[in-house]
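Working notes, structure below.
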2 protein chains.
Amino acid sequence: MAVRLADVAKAAGVSQSTASRVLNGSSRRPNPAVAERVRAAADELGYFPNAQAQALARSSAGLTGLIVHDIADPYFSSIARGAQRGLAGSGVQLMLASTEREAEAEVEAVRTFMSYRTDAIMLAGSRGLADDAALQKVLETYQDNGGKVAMIGQPLSNAGGVRIDNDGSAAALAGELLKLGHRRFVIFAGEEQLTTAAQRTAGFISKLRAAGVQPEAVHHGAFSRDGGYFLMSELIRSGAVGGPDAGPLCLFCVSDVMALGALAAVREAGMRVPEDIALAGFDDIPTLADQSPTITTVRLPLEEIGRMTAVMTLHNGDADRWTVVEGTPVLRESTRRD
Amino acid sequence: MAVRLADVAKAAGVSQSTASRVLNGSSRRPNPAVAERVRAAADELGYFPNAQAQALARSSAGLTGLIVHDIADPYFSSIARGAQRGLAGSGVQLMLASTEREAEAEVEAVRTFMSYRTDAIMLAGSRGLADDAALQKVLETYQDNGGKVAMIGQPLSNAGGVRIDNDGSAAALAGELLKLGHRRFVIFAGEEQLTTAAQRTAGFISKLRAAGVQPEAVHHGAFSRDGGYFLMSELIRSGAVGGPDAGPLCLFCVSDVMALGALAAVREAGMRVPEDIALAGFDDIPTLADQSPTITTVRLPLEEIGRMTAVMTLHNGDADRWTVVEGTPVLRESTRRD
DNA sequence: TCTACCCTGGAAAGCGCATTCCGGCATTAT
DNA sequence: ATAATGCCGGAATGCGCTTTCCAGGGTAGA
């Protein structure tokens, strides 16, 4: 069906080995005159290599897998974009799996990537500790077979990757909010078993405590827009928001998407941010700065994180190196106090 | 290194052919007792097939390529999510290429996917007519080699896919805005050579004309958040917004991301939507409904579009079938008139 | 009971390419 | 001038799997 290397070789009047050496990088560089003939023939016939066959012969596929929870979530799509950019020009292609936050699907995705003999797997997003066992096992198998594993956000197994200093960054945010004069805090902590969520919550609280402040409540719920919306609706219904006594409440959501959901619920109830309740998120997803009011958050260089991780997977030496990324508190209108 | 089919066969005391027939679907089903032995051995050894080798032997890779302009753009990431879902469970894997809106990169991505012998390629986003030649040529080569091409948004070549009724949907939106009483219109039309942008602009204008209304201006600029921001800044500086005479202006942006940029510029200038200027977008990206004010737009079922397209690529018969998707005008606060 | 046929498992031939090995030639060193 | 050293192109092997093709045993029909 398609043009094969053998066809090119025949057309150029050389052996297949020579054609291979000319067209696809080899340590041996054939004679320029011969090379030119081969290239001309390849052009003429419209030859393009069969990556599957190359992968089989080289036992390396030129593929890298990226596993995310939800590609439509701006947090992950920003990372994906960075990863794509990091790989650009290296000749390595990206395979994508979006797991819809199911642990089962995550393990399945790793299996699939193993089948395709991806050179590396990038895993973005935090996992609950409960799911680690199965995932860890399959990743170890992968590593035993020579695969590189790069985690984004969470350390796991004996892999490398980018660790986000959730703890310290959340603490820094808490510090800034205290400086602004906030004293009454509520936290929307996401799902209980998510490590990332837990770390952000813990870091935030520990900083408050260090300043002698106790959070008024910690609510758990889905780590998503709808989770934030729901929790906020509940909170408003409970009458905890807008109380005139003891100063305004400050809500810390452990992710921006939760904060957006919460904001929607606040608006819907006819209340205002920051007048009735102050609001802070975490991640600094791109759409956040265009909200009204603009929302305070912790900036994570998401795209850069994706890029760095991808680049790490390209260099063999970095297989189990960790890079720590710190978040930067960004104070915006949503936590203003007049 | 890894466990091979031959190892499993030996462990089970059968031939490799039999092992293959048992483990990977074949038309011939070996004896149940034998099959069980093979499966047990495979489990025992932790065998998983080498997809590259399978692809080579079957001459079909079980891969589908998705090419988008920018995976971090919610428009495309929603489509990607749908595509992923559409493929889920079919055993077909998704390969992703994000081209950063460069025509060159798009052609390159098709080449890469050809190399990987993807069974199908989905192309999302509109292309300028100028780039069609190169792209069309490479896609034709792909089709000649048995590849399926599914376009999302724009027809091209003799492929199938999902066509979006930009023209009619924009006209419908214009009709609704006229009904609300708007008479002074400005259009941010995106890049001149983008077919999608041009169609939306044309549809909108033709409906206005039919009602005897002439748009006051059509401005071209980048089809992105920053493009909208820039155009709006210019517009405000020119003094065209907020004039008390002749009623409030209504701005139609040919994409939601442009509308978001425009909104940011309006806010920055201390003006208000819809009081000083009304605003409408196109696409209905997920974040739009959570804006304040909520933004009028044309709803496109983005995720469903991605899903449909992916499903089409799975069924051979649908290779050159077209599905037309209509957008639905959604009137929100940003175009309210009191 | 014997022949014709079907079913099942195994041997072997690729799928398209990279790469090791080998032979022939032109250099350089002796 | 001869032997030793590279260098370059070609033949051949193998990557891991699917899929014909083949042989043998079982079944059914005569």
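Everything numeric in this text was worked out from a predicted model, so none of it was measured. Side chains included, hydrogens not; waters and symmetry mates left out as well; all remaining heavy atoms used.
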Show the atom names and distances, to 0.1 Å, of all donor-acceptor pairs under 3.5 Å that link a side chain in residues 43-51 of chain A to residues at least two apart or in another chain.
unit_1: A:Asn50; atom_1: OD1; unit_2: A:Gln52; atom_2: N; d: 2.8
unit_1: A:Asn50; atom_1: OD1; unit_2: A:Ala53; atom_2: N; d: 3.1

Salt bridge (Lys or Arg N to Asp or Glu O under 4.0 Å) between A:Asp7 and A:Arg4: does it pass, once the steps are laid out?
-> CA-CA 5 Å; A:Asp7 303 331; A:Arg4 288 154 307 158; 3.2 Å; yes

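- The separation between B:Asn50 atom CG and C:dG16 atom P is 17 Å, rounded to whole Å.
- Here C:dG16 presents its P atom at 10 Å from OH of A:Tyr47, a figure rounded to the nearest Å.
- For A:Glu304, the side chain to side chain contact (heavy atoms under 4.5 Å, CB included) partners at least two apart in sequence or on another chain are A:Pro301, A:Arg307, A:Met308.
- The stretch residues 76-90 of chain A participates, sequence neighbours left out, in these side chain to side chain donor-acceptor pair (under 3.5 Å) pairs: A:Arg81-A:Glu303, A:Arg81-B:Asp70, A:Arg85-A:Glu303, A:Arg85-B:Glu100.
- Tested against B:Thr309 for a side-chain contact (heavy atoms from CB on, under 4.5 Å), the candidates B:Leu123, B:Ile152, B:Ile79 yield a single pass: B:Ile152.
- As a whole-Å value, the separation of B:Met114 CE from C:dG16 C1' is 16 Å.
- Proximity of B:Arg39 to B:Leu23: side-chain heavy atoms (C-beta onward) are separated by under 4.5 Å at one or more points.
- For residues 10-19 of chain A, proximity to DNA chain D is found at A:Val14, A:Ser15, A:Ser17, A:Thr18, defined as any non-hydrogen atom under 4.0 angstrom from a strand atom.
- Contacts of residues 32-46 of chain B with DNA chain C (heavy atom under 4.0 Å): B:Val34.
- Overall, the helix from C:dT1-D:dA30 to C:dT30-D:dA1 carries an axis bend of 40° between its ends, with five pairs at each end and the value rounded to 10°.
- In terms of the side chain to side chain contact (heavy atoms under 4.5 Å, CB included) criterion, residue partners of B:Arg163 (sequence neighbours excluded) are, by chain and number, B:Pro155, B:Trp322, B:Val324.
- Rounded to an integer number of Å, the gap from B:Asn31 CG to C:dG9 C1' is 10 Å.
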Passes side chain to side chain donor-acceptor pair (under 3.5 Å), A:Thr18 versus A:Ser15? Steps please.
-> CA-CA 5 Å; A:Thr18 303; A:Ser15 79; 3.2 Å; yes

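- Proximity of residues 52-60 of chain B to DNA chain C (heavy atom under 4.0 angstrom from any strand atom) is restricted to B:Leu56, B:Ala57.
- B:Ser20 has a side-chain polar atom (N or O) that falls below the 4.0 Å cut-off from OP1 or OP2 of D:dT18.
- With a 4.5 Å cut-off on side-chain heavy atoms, B:Met122 and B:Leu94 count as touching.
- Closest approach to the A:Leu5 side chain among C:dA18, D:dC17, C:dG10 is made by C:dA18 (side chain taken as heavy atoms from C-beta onward).
- Looking only at distances, no side-chain donor or acceptor of A:Thr118 sits under 3.5 Å from a matching main-chain atom of A:Met114.
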Can you name the atoms? Protein N/O to nucleotides 24-27 of chain D N/O, anything below 3.5 Å, with the distance.
none

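- The side-chain heavy atoms of A:Glu140 and A:Val149, taken from C-beta on, include no pair separated by under 4.5 Å.
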Give every donor-acceptor pair under 3.5 Å between a side-chain atom in residues 57-69 of chain A and any protein atom, sequence neighbours left out.
unit_1: A:His69; atom_1: NE2; unit_2: A:Ser126; atom_2: O; d: 3.1

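- Judged as a side chain to side chain contact (heavy atoms under 4.5 Å, CB included), and not counting sequence neighbours, the contacts of B:Ala105 are B:Thr99, B:Glu102.
- The phosphate of D:dC17 has neither OP1 nor OP2 within less than 4.0 Å of any side-chain N or O from B:Asn24.
- Looking at B:Asn145, its side chain never comes within 3.5 Å of a backbone N or O of B:Gly147 through a donor-acceptor pair.
- Side-chain atoms of A:Arg21 and base atoms of D:dG10 include a donor and an acceptor less than 3.5 Å apart.
- Applying the side chain to side chain contact (heavy atoms under 4.5 Å, CB included) test to B:Ala6 and every residue at least two apart in sequence or in another chain returns B:Gln16.
- Taking 4.5 Å as the limit, every side-chain heavy atom of A:Tyr142 sits out of range of all side-chain heavy atoms of A:Lys148.
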